[in-house]
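Data block below; observations after.
Here is how names work: the chains are called A, B, and so on, in the same order as the sequence lines, proteins then strands, and each is numbered from 1.
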Protein chains: 2
Amino acid sequence: MDRVTDVFKALADPTRRIILDELTARDGQTLFELCARLLTQHGLGSSRQAVSQHLGLLEDAGLVEVRREGRCKFHYINTDPLGPIVQRWLRGGDAAGSRKETT
Amino acid sequence: MDRVTDVFKALADPTRRIILDELTARDGQTLFELCARLLTQHGLGSSRQAVSQHLGLLEDAGLVEVRREGRCKFHYINTDPLGPIVQRWLRGGDAAGSRKETT
DNA sequence: TAGACACGCAAGTGTCCGCTTGCCTATTAT
DNA sequence: ATAATAGGCAAGCGGACACTTGCGTGTCTA
């Protein structure tokens with residue numbers, strides 16, 4: 001329902017932030033590739049299912065997009081949702097009062 | 001502790017985001033003032049203790065600062081932690097646009 | 001076709017979150 | 001002093017979250 005909540009909840013987990021770091025360093029990775037690089041580059045021993053669920057949340061939040069090709073699934077970072085959510089409080093003034101519903 | 005996690009977890013709750021909206025519209029409110037305006041301006045019937053705990057988390061995250069005066073406690077928004085947090089994945093500092101041209 | 005490979009689904013588990021409830025301290029007013 | 005005001009502390013509860021476990025589906029390869 002609430003996309004803003006989904007974005008912040010997705011970013012609230014350190015593992016998911018590192019996943020976004022990895023996709024920033026190398027976009028279009030598969031699930032196994034991400035698992036391997038989380039272990040070798042960041043010392044995270046997260047299981048395949050755990051990483052898969054993290055990617056599902058990131059996808060629901062719109063921060064990761066997916067391209068299927070055969071039995072493989074490539075993940076791409078999408079930073080579009082990050083822009084407006086923080087500037088909500090940066091330009092102090094009418095950000096809260098005039099808006100209808102930006103919960 | 002991880003300050004970045006605290007900031008995102010604080011922003012992951014809709015009530016806390018509305019509290020920041022309220023402080024953006026009118027800085028330096030007390031606890032009761034916030035409770036009243038959450039109800040009248042946003043239709044939120046959160047209890048005093050609930051809002052107090054929200055303010056505690058926002059304070060731990062560094063998003064709200066406090067000034068005590070007698071028996072009153074005034075809350076001020078602090079947007080300093082918001083800047084570097086999101087630009088972590090925005091390469092080249094393109095905070096606004098960045099349409100996806102992934103084909 | 002058999003089997004390895006990449007991934008999905010769903011139930012179970014331990015922990016954290018948001019909120020309530022009850023009682024407390026400190027400051028101000030009558 | 002008494003009462004009202006403004007806020008704090010801590011235990012408890014229902015639900016959400018992160019992760020595991022086990023099995024199932026579709027795809028490529030030998």
Point to revise | Atom-to-atom span, CG of B:L55 to P of C:dC19 - whole angstrom | key: 12 Å
**Study point:** B:T30, nearest nucleotide to its side chain (from D:dT27, D:dG7, D:dA18)
**Key:** D:dG7
Check your understanding: Between D:dA18 atom P and A:I19 atom CD1, what is the distance in whole Å?
Key -> 11 Å
Point to revise | Expected output: side-chain A:R16 to main-chain A:A10 donor-acceptor under 3.5 Å | key: yes
Practice item. Look at the side-chain N and O atoms of B:H54 and state whether any lies under 4.0 Å from the OP1 or OP2 oxygen of C:dC17. Key: no
Review point. Looking for any heavy atom pair under 4.0 Å, which part of the strands does B:S47 touch: base, sugar-phosphate only, or nothing?
Key: sugar-phosphate
Exercise for review: Could you check B:Q49 against A:R71 and say which one's nearest nucleotide on DNA chain D is further toward the 5' end?
Suggested key: B:Q49
Review point. Between B:R67 and B:E65, does at least one N-O distance fall below 4.0 Å, as a salt bridge requires?
Key: no
Check your understanding: For B:K9 and D:dC17, what is the distance between atoms NZ and P respectively, to the nearest whole Å?
Key -> 12 Å
Exercise for review: Check the distance between C:dA10's P and A:Q53's CD and give it to me in whole angstrom.
Suggested key: 12 Å
Practice item. Look at the side chain of B:R16 and decide which nucleotide, out of C:dG18, C:dA6, D:dT20, has an atom nearest to it. Key: C:dG18
Study note, to complete from the structure: CG (B:L11) and OG1 (A:T5) are apart, to the nearest 0.5 Å, by 10.5 Å
Review point. Between D:dT5 atom P and B:R48 atom CZ, what is the distance in whole Å?
Key: 13 Å
Exercise for review: For B:R68 and C:dA26, give me the distance from atom CZ to atom C1', rounded to whole Å.
Suggested key: 9 Å
Practice item. Look at all strands and tell whether A:L57 reaches a base, only sugar-phosphate, or nothing, counting heavy atoms closer than 4.0 Å. Key: sugar-phosphate
Exercise for review: Would you indicate which nucleotide in D:dG8, C:dC7, C:dC19 comes nearest to any side-chain atom of B:A50?
Suggested key: C:dC19
Study note, to complete from the structure: A:F74 atom CZ is separated from C:dA6 atom P, nearest whole Å, by 11 Å
Practice item. Measure the shortest side-chain to side-chain distance between A:F74 and A:Q29 over non-hydrogen atoms and say whether it is less than 4.5 angstrom. Key: no
Exercise for review: May I have the distance from B:E33 (atom CD) to D:dA6 (atom C1'), rounded to whole angstrom?
Suggested key: 13 Å
